[in-house]
Asker: 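Input: one structure, supplied below.
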Number of protein chains: 2
Amino acid sequence: MIDVAQRADVALSTVSYALNGTRAISDGTRRRILQAMEELGYRPNALARGLASKRTNILALLFPTPERGLGVTEMEFATGAADAARERGYHLILSPSELRNVHDLEQLTGQGLIDGAIVMEVRLDDERVELLAQAGIPFSMIGRPREPGSISYADIDFEQTTRDAIAHLAGLGHRCVGFLNHSPSAFSVGYGPTVRAADGFRHAASGAGLVHVERLCDDNAPAGRAAFHELRAGSPELTGLVVMNERAVVGVIDALDEIGWTVPDDFSLVSIVSSTQVTEMMRPKLTTFEPPSAELGRLGVQMLFDQLDAEGDDPPPPTQELLPCRLVVGGSSGPPPRRS
Amino acid sequence: MIDVAQRADVALSTVSYALNGTRAISDGTRRRILQAMEELGYRPNALARGLASKRTNILALLFPTPERGLGVTEMEFATGAADAARERGYHLILSPSELRNVHDLEQLTGQGLIDGAIVMEVRLDDERVELLAQAGIPFSMIGRPREPGSISYADIDFEQTTRDAIAHLAGLGHRCVGFLNHSPSAFSVGYGPTVRAADGFRHAASGAGLVHVERLCDDNAPAGRAAFHELRAGSPELTGLVVMNERAVVGVIDALDEIGWTVPDDFSLVSIVSSTQVTEMMRPKLTTFEPPSAELGRLGVQMLFDQLDAEGDDPPPPTQELLPCRLVVGGSSGPPPRRS
DNA sequence: CTGTTAGCGCCTTCAT
DNA sequence: ATGAAGGCGCTAACAG
């Protein structure tokens, strides 16, 4: 940097100002500096800059790795976030911080490495959220805890999505529907989507005057298969099922096949919060409510930027957005059969 | 840190040494220091440390985002890498550096932010590889260019995998098989897997004395469907197909369905380099050669560590590993039909 | 085994 | 509009 200054015949500090536009610089001077930088192949050192300015231009994406690896859907958050960050010249640290390791999180934030964080896979009661709030480090969430307070978040509107799913089935004429949710363990740890979708479904189905049943289900095909059989045993009049479980839905299809039922003639299936990248692999292609994953990721970092940009000024009002899932009609939903 | 020193009644530097074990410290002293740190809730600042030591403990994962988003398989590299990095106390920056933006890459490396990089989705001729080599920054690859030279890499053994796939089909009695590859564009830009698998297939099929045909295919179901029909039109005696295209294989199943063929009775399908997370969603479950994705990711960072650890000493011999895919027998492959 | 003391490369307040 | 100078928090010689 000192070389650049000499070559451009200005003071060291002037170069600095030219770099981060913190103060007005005459046009000629600026050009000389830029040229000198160019010629010398100068690159500002991110660490030094961060050390001095307290701004690292690094964000962390906190995503706890679920038991069986992340699904397609979760990944789209990440890439959306990474893209948005890069567009603003920020780096994104992928931090597989397990929820259990609150210690790891403390370490990460304590290092002064990151300007802020985006928290994924939020639970209704999430230690990470509290910890970040106390640590005073800016962050936003993809998902939300029970009490978001004034923290910015972007989440799927589960209430709306389940209502839409119910409306879709009810519109086709179904009168008795079921809901296949995520795993019991997801529910018991208070994983947001699991709990909210369950509430939403119940509410929407009642509201629409439908008979309804629901069930939690481990995230794999055999569990899905078993779950379907049980549901049907308990409610023989079931004609349609809403599923929020990408891994289990295949098992449901297997089960239908076993009893000789055809989709959608004998039974309707609607997948929710499931990427089309997955539902299009099934046969028949599933009718699905596709989550705006990449957009949520982008929103997450955008909200974080809003906070970072306003640092020093009074804190901006938090942005809290719920996005609906988009209906993609497939070949798995149709009018209910007329069973005797 | 100065506070810690005072509290422990030692010099500033002693605290530093205690922290990074650069030199022997008496046991009592160390304990006092550790305790003082604890009591003061002291956390070393990563930036300052990096600035002074030239070691940031940050790695970058370079993955160009393919046109249609990353698949499950690619993501497993990333999480494997992130895990391995974290285990050693390193951070992993997710860098969606487009290949085209060699400029972005220069920026990243020039910033002095990263100790090294792991390059994903390597092409036979890859600008990034050359750039990193010239820039003198340590890196390893998941995949490999045409001339890996003495750069460390971990890649899938495509030769072996295609040979295994052929052996599987030949062992079942097939005499005429086809290969459905990735897209023409992937091939034309010299994407490693596409080229190597094509060569491998051809070689293995000839070696086994099988009649064989092959075809490139865009990464979507309709393309897969069309491709199958064309292959069959050209080679009516085809009884089995090896597919390295997660997105297209569904289309093949559709096509088979259209002509009334059952899998595996009328036709055999073998997916290669495809995660079971995907193939288990298909019906029938696909026989697949599953790539050791997470392991490749781990290996990638491990190799990088080997280099970083040896910095200063003479460079260690590069590690270059080819891992086979693991056969997971599904319900899509069986003996060929006896057609008249 | 422990202290002392220069920097690492940049930002930023204070003068000019 | 531009210069000069004191840190940011830590590491790593150099001395005991």
Side-chain angles (χ1 to χ4, degrees), chain A residues 1-37 40-58 89 91 107-115 308 311-312, chain B residues 1-37 40-58 89 91 107-115 308 311-312:
Chain A
M1 184 155 169
I2 206 170
D3 296 341
V4 174
Q6 286 178 349
R7 204 172 214 293
D9 201 35
V10 294
L12 182 72
S13 60
T14 308
V15 177
S16 171
Y17 288 124
L19 237 50
N20 51 40
T22 312
R23 108 179 162 189
I25 298 251
S26 78
D27 219 49
T29 311
R30 153 171 299 120
R31 241 183 318 102
R32 291 210 317 286
I33 294 180
L34 257 43
Q35 181 172 348
M37 298 199 316
L40 269 49
Y42 167 81
R43 305 260 168 216
N45 179 302
L47 265 59
R49 181 206 292 260
L51 183 56
S53 70
K54 303 304 193 186
R55 278 307 215 83
T56 64
N57 275 38
I58 300 178
H91 296 292
Q107 172 121 354
L108 178 62
T109 63
Q111 281 184 135
L113 224 200
I114 62 172
D115 286 340
L308 295 175
E311 211 135 75
Chain B
M1 183 156 167
I2 205 170
D3 296 341
V4 175
Q6 287 177 347
R7 205 171 214 294
D9 199 36
V10 294
L12 181 70
S13 60
T14 306
V15 176
S16 170
Y17 289 123
L19 235 51
N20 50 40
T22 313
R23 106 179 163 190
I25 298 249
S26 79
D27 219 51
T29 310
R30 152 170 302 117
R31 239 183 320 103
R32 289 210 317 285
I33 295 180
L34 258 42
Q35 180 172 349
M37 297 199 318
L40 269 50
Y42 166 81
R43 305 262 167 215
N45 179 301
L47 262 54
R49 182 206 292 260
L51 184 57
S53 70
K54 304 304 192 184
R55 281 303 219 84
T56 64
N57 275 36
I58 301 178
H91 295 292
Q107 172 120 356
L108 178 63
T109 62
Q111 280 185 138
L113 224 200
I114 62 171
D115 285 341
L308 295 175
E311 211 134 74

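Letters A, B, ... mirror the listed sequences (proteins, then strands); counts begin at 1. Worth saying up front: this structure is predicted, and the values here are computed from it rather than measured. Every heavy atom of this structure was used, including side-chain atoms; hydrogens, water molecules and symmetry mates were not.
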Asker: Between P on C/dT4 and CE on B/M1, what's the gap in Å once rounded to a whole number?
Answerer: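 It is 14 Å, rounded to the nearest whole Å.
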Asker: Starting from C1' on C/dG9, measure out to OH on A/Y42 and report it in whole angstrom.
Answerer: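 Rounded to the whole Å, the gap is 7 Å.
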Asker: Between CG of B/D9 and CD1 of B/I33, what distance do you get to the nearest 0.5 Å?
Answerer: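 It is 10.5 Å, given to the nearest 0.5 Å.
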Asker: If each of B/R43 and A/S13 is mapped to the nucleotide of DNA chain D with the nearest heavy atom, which maps nearer the 5' terminus, i.e. the 5' end?
Answerer: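 Counting from the 5' end, the first nearest nucleotide belongs to A/S13.
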Asker: Given atom CD of A/Q111 and atom P of D/dC10, what is their separation to the nearest angstrom?
Answerer: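 In whole Å, D/dC10 P and A/Q111 CD are 11 Å from each other.
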Asker: With a 4.0 Å limit, can you tell me whether B/T14 has a side-chain N or O closer than that to the phosphate oxygens OP1/OP2 of C/dC1?
Answerer: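 No.
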Asker: Closest approach of A/D3 and A/L40, non-hydrogen atoms and distance?
Answerer: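 Shortest heavy-atom contact: CB-CD2, 3.6 Å.
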Asker: For A/Q111, run the side chain to side chain donor-acceptor pair (under 3.5 Å) check against B/H91, B/R49, B/R43 and tell me which one passes.
Answerer: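 It is B/H91, the one option of B/H91, B/R49, B/R43 that forms the side chain to side chain donor-acceptor pair (under 3.5 Å) with A/Q111.
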Asker: Over how many whole Å does the gap from A/L113 atom CG to D/dC10 atom P extend?
Answerer: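 After rounding, the reported distance stands at 13 Å.
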Asker: Return the value, rounded to whole Å, for the distance between atom CZ of A/R31 and atom P of D/dA1.
Answerer: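 Distance, rounded to whole Å: 16 Å.
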Asker: Quick check for you: to the nearest 0.5 Å, what is the distance between A/L19 atom CG and A/R30 atom CZ?
Answerer: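 So the gap between those two atoms works out to 10.5 Å.
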Asker: How bent is the helix from C/dC1-D/dG16 to C/dT16-D/dA1, measuring the angle between the end axes built from five pairs each, rounded to 10°?
Answerer: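 Overall, the helix from C/dC1-D/dG16 to C/dT16-D/dA1 bends by 30° from one end axis to the other.
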Asker: Of all heavy-atom pairs between B/I25 and B/A18, which one has the smallest distance, and what is that distance?
Answerer: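 It is CD1-N, 3.8 Å.
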Asker: Near DNA chain C, under 4.0 Å by heavy atom, which residues of residues 15-24 of chain A?
Answerer: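 Per residue number, the list reads A/S16, A/Y17, A/N20, A/R23.
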Asker: Do you know which two heavy atoms are closest between A/L12 and A/M1, and how far apart they sit?
Answerer: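 Looking at all heavy atoms of both residues, the closest pair is CD1-CG, 3.6 Å.
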Asker: Enumerate the residues from residues 44-58 of chain B whose closest heavy atom to DNA chain C is under 4.0 Å, giving them by residue number; use none for an empty result.
Answerer: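 Hits under 4.0 Å, by residue number: B/L51, B/A52, B/K54.
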Asker: Which atoms form the tightest heavy-atom contact between A/T56 and B/L47, and what is the distance?
Answerer: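 Scanning both residues, the minimum pair turns out to be CG2-CD2, 3.4 Å.
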Asker: Any chance you could measure B/N45, atom CG, to A/L51, atom CG, to the nearest 0.5 Å?
Answerer: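 Interatomic distance, B/N45 CG to A/L51 CG, rounded to 0.5 Å: 6.0 Å.
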Asker: Just the rounded figure in Å: distance from P of D/dA4 to CD1 of A/I2.
Answerer: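 Rounded to the whole Å, the gap is 11 Å.
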Asker: Using whole Å, report how far CD1 of B/I25 lies from P of D/dT11.
Answerer: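 The distance from CD1 of B/I25 to P of D/dT11 comes to 12 Å, rounded to the nearest Å.
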Asker: When the distance from CG of B/D3 to P of D/dG9 is rounded to whole Å, what number comes out?
Answerer: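 Distance, rounded to whole Å: 11 Å.
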Asker: Roughly how far, to the nearest 0.5 Å, is the CZ atom of A/R32 from the OG atom of A/S26?
Answerer: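 Spacing of OG (A/S26) from CZ (A/R32) equals 7.0 Å.
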Asker: Where do A/M37 and A/L34 land on the side-chain contact (heavy atoms from CB on, under 4.5 Å) test, with the steps shown first?
Answerer: CA-CA 5 Å; A/M37 298 199 316; A/L34 257 43; 3.9 Å; yes
Asker: For the atom pair CG (A/N20) and CZ (A/R55), what is the distance rounded to the nearest 0.5 Å?
Answerer: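 If I round to the nearest 0.5 Å, the distance is 11.5 Å.
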